[in-house]
Each structure stands twice: as structure tokens, then as C-alpha cells.
Amino acid sequence: MNTSPYPHLQRASRKPLTVADLVQMKADGEKIASLTCYDASFAALEDRAGVDLVLVGDSLGNVIQGAATTVGVSIDDMVYHSRITAAGLERAFLMTDLPFLTYATPQQALHNSHRLMAEGGAQMVKLEGGSELVATVAHLTTFGVPVCAHMGLRPQMVHKMGGFKVQGRDAEAAETMRRDALAFEQAGADLILLECVPASLGAAIAAEVSVPVIGIGAGPDTDGQILVIYDILGLSPGKKPRFVQNFMDGANSLETAAADYVAAVKSGSYPRAEHSFK
Ligand code: KIV
């Protein structure tokens, strides 16, 4: 009997993960554990802790630059943080955000994705949107850019959405999101990220599409989970969002906290009902 608190570390090979590995994890029912990251030291720590998918998020506008929103983050910021994060990784898959208004046309999206991949070492780019971006996703994937579609709460749209609110609560909005997820999959998206939606909608979308669905505040039934690294370490000031758990409680090092997070995602003990929306 395996009594290690970190069976994922004993199982995992150190071979770099690919998109195909993430799809296989979904098929095998193995949860994908993901965290944000912004530099080489934390990248190496997350990698050793067994994180599968590392996101250089434009949340760096909040947690690194101290801004209230992600709107001011530039493509140069993302290229820089992606490059220094890539330098610390051995096994984890690296995804990097296209920041606000750097993918307003398919051509601009392709140009900036090229920068994130060629200069920043990203293996996948993430963009926030709905049906208006299906053609852009098709354009990117045609040219060999792996893409993640970030749906639900889209922090880059904060001023348009009127704040950071749970999305897809009414039947019409939920149906639109389900249709958009299928359209993204058909356009070639390799991954879907769902932020702040009811747990039932997270479960329905994950069951309907064949690509992995990573949730943040989207309930326990998505194919994986993502959180901001500083949130799991209890470093973020102010009121913590409902879906956040501080894994520093009871941990004796940053690396143990990250490994505990991965183990909790893999075993399904995080997130629980108290972290989810109805
Ligand atoms: O920018 C970011 O960190 C994100 C996560 C919160 C999913 O998009």
C-alpha cells in the first residue's frame, strides 16, 4: 500500500509534459494540477512539487506590479516573465497569457503568440473570450499555436463586466457558455479554462468537450484546477476569494505547500463545496 502523502511525485516521470499528455490525463481521469508562476525560482519549486501546468498569468499585473486590474499588463511584460519562468521548468507544461487588447485581430493574435512562444518559451497561449474569438482561435491553431480559451469570468473585461462576478448563473448565459466551449473545441482549442462559474456548469462543460477543462472557482468536476501561487501561500492581501485555500496552513515550507496543493487536486480533496459557486 502506498502511504506517501505525495503519490503523484512517485508516479510522475520527469519527462516534459505535452498537450497530448494533458489530454491523456483527462481520458485517464487524472486531475491536472496547475498554478500560476512568474519567475524561475518559483517555477523550479512548482516543478519539483509536481505541478503539471504552469501559467504565466497576466495576474502578474496584480501580484507582481500591484495594480488593481490586469488591464495595464503589456506583451513585453508577458514575454519577460514567460522567459524567466521557462528557465526554471523541467517537466511542467508552460502556458502564457496574451494580455488585454493584444489579440484584437487574428493577425495581431498570431504576431503576439509568436513572441510568447519564440521569445518567451510558451508552449501554449491563453486568451479570454467567447464566440467573438472563435475565428481567432482557428487562425492560431491553423498556424500551429496551441491555444487555451479562458471563459466565464474574464478579468481583462472587468470594466465592461462591472466587477469580478460569478458568470453563467442564468440558463441563457450558461447555454451560451456551453455552445462557445464546443465552438472553441471545434476551432482547435487545446484547453479550456473556466473561471468563477457554478459548479454544475463546470461539470457540464467538462463532460461535453473532449479537451481538458481547467477550473478556478468552477467546482470539483472539471478536469483540473488552477490557483494563483501567492493565494495558496497566503501572500495575497485583502479578502480571499471563496475558491482559494491557503496551503501554507500546516506546511513547513513553500515547496510542501505546493506539493500539498497538487496532492489535494489529484485526490479530489480540493476544491470542496465551500470553494464552489451555485
Ligand atoms: O492571469 C491569471 O493568473 C489567470 C488565472 C487566474 C486563471 O488567468
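By convention here, the first residue in the shown sequence is residue 1. Whatever order the structure lists them in is the order used to number ligands and atoms, beginning at 1.
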Heavy-atom side-chain contact between [X] and [Y] under 4.5 Å:
X      : Y      : value
Leu22  : Ile32  : yes
Glu185 : Ser210 : yes
Pro212 : Ile192 : no

Item to complete: State which residue, out of Thr96, Asp97, Asp58, fulfils the side-chain hydrogen bond (donor to acceptor under 3.5 Å, both in side chains) condition with Lys126.
Response: Asp97
Response to the item:
In His8, Lys266, Lys31, the residue satisfying side-chain hydrogen bond (donor to acceptor under 3.5 Å, both in side chains) with Asp52 is Lys266
Worksheet item: Under the ring-ring contact (aromatic ring centres under 6.0 Å, His included) rule, what pairs show up with a residue in residues 139-195, not counting sequence neighbours?
Response: His139-Phe143
Name each N or O atom in ligand 1 that is under 3.5 Å from a protein N or O, and give the partner atom and the distance.
from     : atom 1 : to     : atom 2 : distance (Å)
ligand 1 : 1 (O)  : Asp58  : N      : 3.2
ligand 1 : 1 (O)  : Asp58  : OD1    : 3.0
ligand 1 : 1 (O)  : Ser59  : N      : 3.0
ligand 1 : 1 (O)  : Ser59  : OG     : 3.4
ligand 1 : 1 (O)  : Asp97  : OD2    : 3.1
ligand 1 : 3 (O)  : Ser59  : OG     : 2.5
ligand 1 : 8 (O)  : Lys126 : NZ     : 2.8

